[in-house]
Visitor: 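Structure incoming, see below.
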Amino acid sequence: MADKVKVTVWNEFLHERTNAAAKKLYPDGMHAVIAESLRAAGDIEVRTATLDEPEHGLTKQVVNDTDVLIWWGDMACHEVSAAIVKRLEKMVLAGMGLIVLHSGRLSRIFRKLMGTSCLLRWCGVPDKERLWNLEPGHPITEGIGEYIDLPDTEMYSERFDIPAPEKLIFVSRFKGGDVFRSGCVWERGHGRIFYFRPGHETCPVFYNEDVQKVLVNAVRWAKPRIVKDGTCSNTQVLKKLESKKVGCGF
Ligand code: ZN
């Protein structure tokens with residue numbers, strides 16, 4: 001049997017301790033609910049880490065032993081230390097997968113890898129969302145129908161300041177007509193990155209079966225094919241190619 005994919009679910013874990021609605025919905029934190037749904041898939045080994053832990057729970061040992069990092073952050077994105085961001089960036093470029101959820105778009109690691117502000121328009125009033133599945137053949141949408149409906153969500157709207165996605169997987173439409181690029185993928189170095197929009201802390205999004213399915217699929221898609229640091233080496237000029245006597249030759 002193939003080795004399990006090793007996932008670290010990172011959550012700043014502040015809203016669930018300070019906001020009554022978030023606490024009621026996610027008493028042990030969103031990371032606990034996400035971790036449980038990933039474990040249920042059977043082929044994923046999960047650990048969690050939070051902001052308050054030493055090195056934010058992202059020690060060298062943990063990061064080196066992580067195939068895919070899932071990131072939820074919001075109000076404390078600036079509190080993540082530069083040294084940890086550097087560590088994560090190096091690992092993504094070497095091949096670690098990164099899945100960024102909802103307001104994790106503001107995280108220092110995501111902004112660093114995107115090179116843009118990742119700002120957008122948003123509205124804090126509860127809204128309804130339909131995520132259209134634009135890529136039914138993509139591994140991230142395996143088992144997902146034409147769309148996912150989320151009856152209780154937070155609205156995000158364009159323009160979302162990101163580099164053009166290498167593939168756009170989901171587009172959301174909200175009640176008032178706003179639209180948003182909700183599922184986007186990129187590669188940076190050897191690492192695969194997936195941004196997935198749903199996941200506001202006072203909405204029950206991480207209990208939604210389709211959302212859970214998308215996350216499992218995304219983990220399987222983002223797992224490293226290789227893990228290899230970039231190198232800058234001096235080298236010799238290649239020998240001239242020998243021309244062959246057969247064929248047109250050159
Ligand atoms: Zn939110």
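Both counts, for ligands and for their atoms, begin at 1 and track the order of listing. Atom set for the values below is all heavy atoms of this structure, side chains included, hydrogens, waters and symmetry mates excluded.
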Visitor: Examine Tyr147 together with Trp132 and report whether their ring centres are nearer than 6.0 Å.
Guide: yes

Visitor: Can you name the residues that form a salt bridge (Lys or Arg N to Asp or Glu O under 4.0 Å) with Arg173, not counting sequence neighbours?
Guide: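 Salt bridge (Lys or Arg N to Asp or Glu O under 4.0 Å) list for Arg173, sorted by chain: empty.
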
Visitor: Do the charged groups of Lys86 and Glu89 touch, with an N to O distance under 4.0 Å?
Guide: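 Answer for the salt bridge query: yes.
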
Visitor: Please work out whether the ring planes of Phe180 and Tyr156 are parallel, tilted or perpendicular, with thresholds of 30° and 60°.
Guide: perpendicular

Visitor: Parallel, tilted or perpendicular: which describes the rings of Phe110 and Tyr195, with under 30° parallel and over 60° perpendicular?
Guide: parallel

Visitor: Under 3.5 Å, is there a donor-acceptor pair linking the side chains of Asp161 and Thr116?
Guide: no

Visitor: With a cut-off of 2.8 Å, which protein N/O/S atoms are close to the Zn ion (ligand 1), if we only count those under it?
Guide: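 Protein N, O or S atoms closer than 2.8 Å to the Zn ion (ligand 1): His102 NE2, Glu154 OE1, His200 ND1.
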
